[in-house]
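No experiment lies behind these values; they were computed from the predicted model shown. Sequential numbering from 1 along the given sequence is applied to the chain's residues.
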Amino acid sequence: MSVVRLIGWWLGIQWNRYRQAGWGIPPLAALAASAIAGIAGAHLLVDHVGVWAWITAVVCSACVFVRHRSFITLAVCAGCSYALLHVISVVQTQRIPHRVAMLAGQKFSVTAAGIVIDEPRLLGTRMVRFPLRLESVSDRYQESACSGEIFVSLLDAERVPSYGDRLVVNGDMSFPSAPMNPGQFDMRGWFFRQGISADLFAVQSGIQQVEPDHGNFLMAMALRCRGWIQHRLTMGLQQDPDTASVIAAMVLGARSETPDEVEEAFIGSGTMHIFAVSGLHVGLFGYLAWMFLKAIGLRRPVAIALIIPGLIFYAFVTGLRPSACRATIMSVIVLIGYLCDRVPSLPNSLGAAALVILSYDTIQILQPGFQLSFVVLGAIVGIAPLIRAPLQRLAEPDPFLPRSLMSTVQRVVLVAGRRVADVFSVSLAAWLGSVLLMLHHFEMAAPIAVLANCFLVPCAFAILFTSSVSLALGTVAGEWMAVLCNNANWLIAKITVSLATFFAGLPGAGSRLPDEGAPGSLIATVLHLERGGGCTHVRVIDGADWMIDVGHDSDSREVLKPYLQWRGVDRLNALLLTHADAGHLGGALRLQALLSPETTVISDQPYRSPAFRSLVGVGGSTEMEKATTGREFALGAGGIVRILYPPEGASIAIADDQAMVAQIDHLGWRVLLMSDAGFATEKWLLEHCRYLDSDVLVKGRHQ
């Protein structure tokens, strides 16, 4: 007997013993685990093992399964098959001209032909962005057939493309650079997880050809339905477009017009799954449909047969977002079990949903949303009952008291206690299931979400219910009824946003990983800015937070704000602006509105910069303080910020030599911040400054 057959015989015996003991693993869950293991192995070996090697593995495992039909050989065959699918997906994503050079940071002028596969999203007032499924990419040397997807950023678009348009567009194709700053969004990693091959920047004049109606007919119809529904749900709310956009985002997933501060409130309170369309909304929609169909007297098989296409339609209307699609597939599989008069096994249902989703797109396993969907649902089913039971006992009356003898107050307390126990146990179980993944992917855990969900989930259900009533009554009774319901929905949305803002503002709401270092130690972080300029964060742990320059306005939005959120900075002791150009103080107004620094330190030089004049003119709640040579500011824990330049009353002609030079002195360590100062400033410092010797020099040069 060969070693392989001996091992297989032993594993078969152990498997049978395991099943006979009553601890059998649900088969579909085991197959899903095997598929996930195969995808993980293929992801690690994709650069070393080619497609043909995985094809050979699939064929060999299939032959073994035909000869020795056992569950183990079936699981091995499934793992190899899904590994092959993953390799094919990755190879398809990487099959684009100049990919290696683009990963190194180069750009190429190309002509891309393809079809718009989603509605374009507005970025500011001048740019739109949309995904394009490629047909071909050509440069001045050759034309290559491609089947991947790219993102197109179109500047000054006179005509915004629509879903299904076939475009031929000229532009500069590149790949996002890796993040250079802590907390900065990893666009390169996001591209890979979404199966996006590259980014194409174009202007309106670069569009050579537009042919409409090349998309999927069902998807086009669903998007038109979404536009009609969004119009009906926002009727009468033109005076408050921000709240109207919140309703559209929570019901339909249309987030392009939602203010940043609203999204930040939901992120900070750990309830982003309530704001963006997710599995929660699909579940609430299904529950709402079940309540309605049950109320009109339909039998369960008929109601389930109607709910399934309703869930599929809702997924289409939300734009087939991955989160909605995952939840719809899970729900449909569970409902089909009930339709067949079988009590479904949740592990089997989750396994079946994972197998279906990964057979379509194996790259989804790398997405945090996919991992959170399955882990959180499993945690709710496995942990919530353990939490619910002791909580419900707290509201239970005397067990020897018959229910018929209970007073009204006792009955209300009993029902309310059970509902509170249900909501709180589900919320706590969901948070416990997601906390490790949240720390891994986002370095953030929001314990306040356990309490916030208890209030915001009912609000989300109320918004979805009122929206459904608005659509139904508005269609039957007329627009006035839709406007009435929409105004009620406006009030609910206002309450929801206020609650999210309240929970996000509580101390420790968005808890992040602690700083590395003992209390009193100093961390100085010089941020990398693509367009030049300067931006440095100085923190004394358990002491003070200073910002020295803030970069351009775009830098404050794309670099500084994510960094400060990652660092957990919710207040600033001081803002020091060394230079008057937009590359150093362009984002000061945005930062003042975000963190309200107690003091803003500026030079007393007569700057003529429009950005500087607008900052001084606005002022705000912060105290403006002018500083010259010799001025010192306490930094906390024995540290100081010492101003070395410019001298008081100096007349300096060159703008860069007007820059303020500062030195951080902390427990004997010195960091010299030169800003953009040039030769004249350096010469003056050498002649006049006795504290110039430093351990670290930070010197700026434009470009």
Side-chain angles (χ1 to χ4, degrees), residues 39 42-47 50-51 54 83-121 123 127-155 161 163-179 185-203 206-209 214-216 219 319-322 358 360-370:
I39 293 172
H43 184 68
L44 295 175
L45 302 175
V46 67
D47 295 328
V51 175
W54 290 108
L84 175 61
L85 289 176
H86 184 69
V87 172
I88 293 174
S89 298
V90 173
V91 170
Q92 181 178 347
T93 302
Q94 296 176 349
R95 189 181 299 162
I96 192 167
H98 313 298
R99 181 176 184 276
V100 175
M102 287 191 296
L103 287 174
Q106 298 185 37
K107 296 181 179 181
F108 294 89
S109 296
V110 300
T111 300
I115 299 174
V116 181
I117 58 174
D118 199 358
E119 286 188 325
R121 181 175 181 178
L123 299 177
M127 184 176 292
V128 294
R129 197 172 198 185
F130 53 87
L132 190 76
R133 181 185 294 119
L134 289 175
E135 296 175 348
S136 65
V137 174
S138 59
D139 54 21
R140 55 182 177 177
Y141 299 108
Q142 63 178 356
E143 180 175 350
S144 304
C146 299
S147 58
E149 297 177 10
I150 63 172
F151 263 128
V152 178
S153 300
L154 186 61
L155 184 64
Y163 170 81
D165 287 353
R166 184 183 184 276
L167 303 181
V168 178
V169 56
N170 294 329
D172 294 329
M173 188 171 66
S174 61
F175 204 71
S177 58
F185 181 65
D186 184 7
M187 182 65 76
R188 174 175 289 193
W190 185 83
F191 265 44
F192 180 78
R193 292 191 298 272
Q194 299 295 324
I196 305 298
S197 301
D199 197 10
L200 183 71
F201 181 82
V203 296
I207 297 181
Q208 298 180 355
Q209 183 179 351
H214 283 267
N216 181 277
M219 187 66 186
L320 287 180
R321 300 185 180 277
L358 295 176
Y360 173 74
D361 182 12
T362 59
I363 295 180
Q364 282 205 34
I365 197 175
L366 304 176
Q367 299 176 9
F370 179 91

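Residues meeting the side chain to side chain contact (heavy atoms under 4.5 Å, CB included) test with Gln92, sequence neighbours left out: Ser147. For Tyr360, there are no side chain to side chain contact (heavy atoms under 4.5 Å, CB included) partners at least two apart in sequence or on another chain. With sequence neighbours excluded, the residues forming a side-chain hydrogen bond (donor to acceptor under 3.5 Å, both in side chains) with Thr362 are His86, listed by chain and number. For Asp186, the side-chain hydrogen bond (donor to acceptor under 3.5 Å, both in side chains) test picks out no residue, with sequence neighbours left out. For Ile115, the side chain to side chain contact (heavy atoms under 4.5 Å, CB included) test picks out Glu135, Arg166, His214, with sequence neighbours left out. Listed by chain and number, the residues in a side-chain hydrogen bond (donor to acceptor under 3.5 Å, both in side chains) with Gln367 amount to none (sequence neighbours excluded). Residues forming a salt bridge (charged side-chain N to carboxylate O under 4.0 Å, His left out) with Asp165 (at least two apart in sequence, or on another chain): Arg159. With sequence neighbours excluded, the residues forming a side-chain hydrogen bond (donor to acceptor under 3.5 Å, both in side chains) with Gln208 are Asn170, listed by chain and number. Not counting sequence neighbours, the partners of Leu358 by the side chain to side chain contact (heavy atoms under 4.5 Å, CB included) test are Ile36, Ile39, Tyr82, Ile365, Phe370. Glu119 is linked by a salt bridge (charged side-chain N to carboxylate O under 4.0 Å, His left out) to Arg226, counting only residues two or more places apart in sequence or in another chain.
Within the structure, the side-chain hydrogen bond (donor to acceptor under 3.5 Å, both in side chains) test picks out the following pairs touching residues 188-202 (sequence neighbours left out): Arg129-Asp199.
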Could you tabulate the donor-acceptor pairs under 3.5 Å formed by side-chain atoms of residues 95-106, not counting sequence neighbours?
{"unit_1": "His98", "atom_1": "NE2", "unit_2": "Asp139", "atom_2": "OD2", "d": "2.7"}

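The two atoms that bring Ala198 and Ser174 nearest to each other are CB-O, 3.5 Å, heavy atoms only. Closest of all the heavy-atom pairs between Pro120 and Phe130 is CA-CB, 3.8 Å. Counting all heavy atoms, side chain and backbone alike, Phe175 lies closest to Ile196 at CE1-O, 4.2 Å. When all heavy atoms of Phe192 and Leu366 are compared, the closest pair comes out as CE2-CD1, 3.4 Å.
Rounded to the nearest 0.5 Å, atoms CG (Leu132) and CD1 (Ile117) are 7.5 Å apart. Rounded to the nearest 0.5 Å, atoms CG (Leu200) and CE (Met173) are 7.5 Å apart.
Ile207 has its side chain within reach of Leu154: a pair of non-hydrogen atoms, C-beta onward, lies under 4.5 Å apart.
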I would like to know whether Ile363 and Thr93 meet side chain to side chain contact (heavy atoms under 4.5 Å, CB included); could you show each step before the answer?
-> CA-CA 10 Å; Ile363 295 180; Thr93 302; 4.0 Å; yes
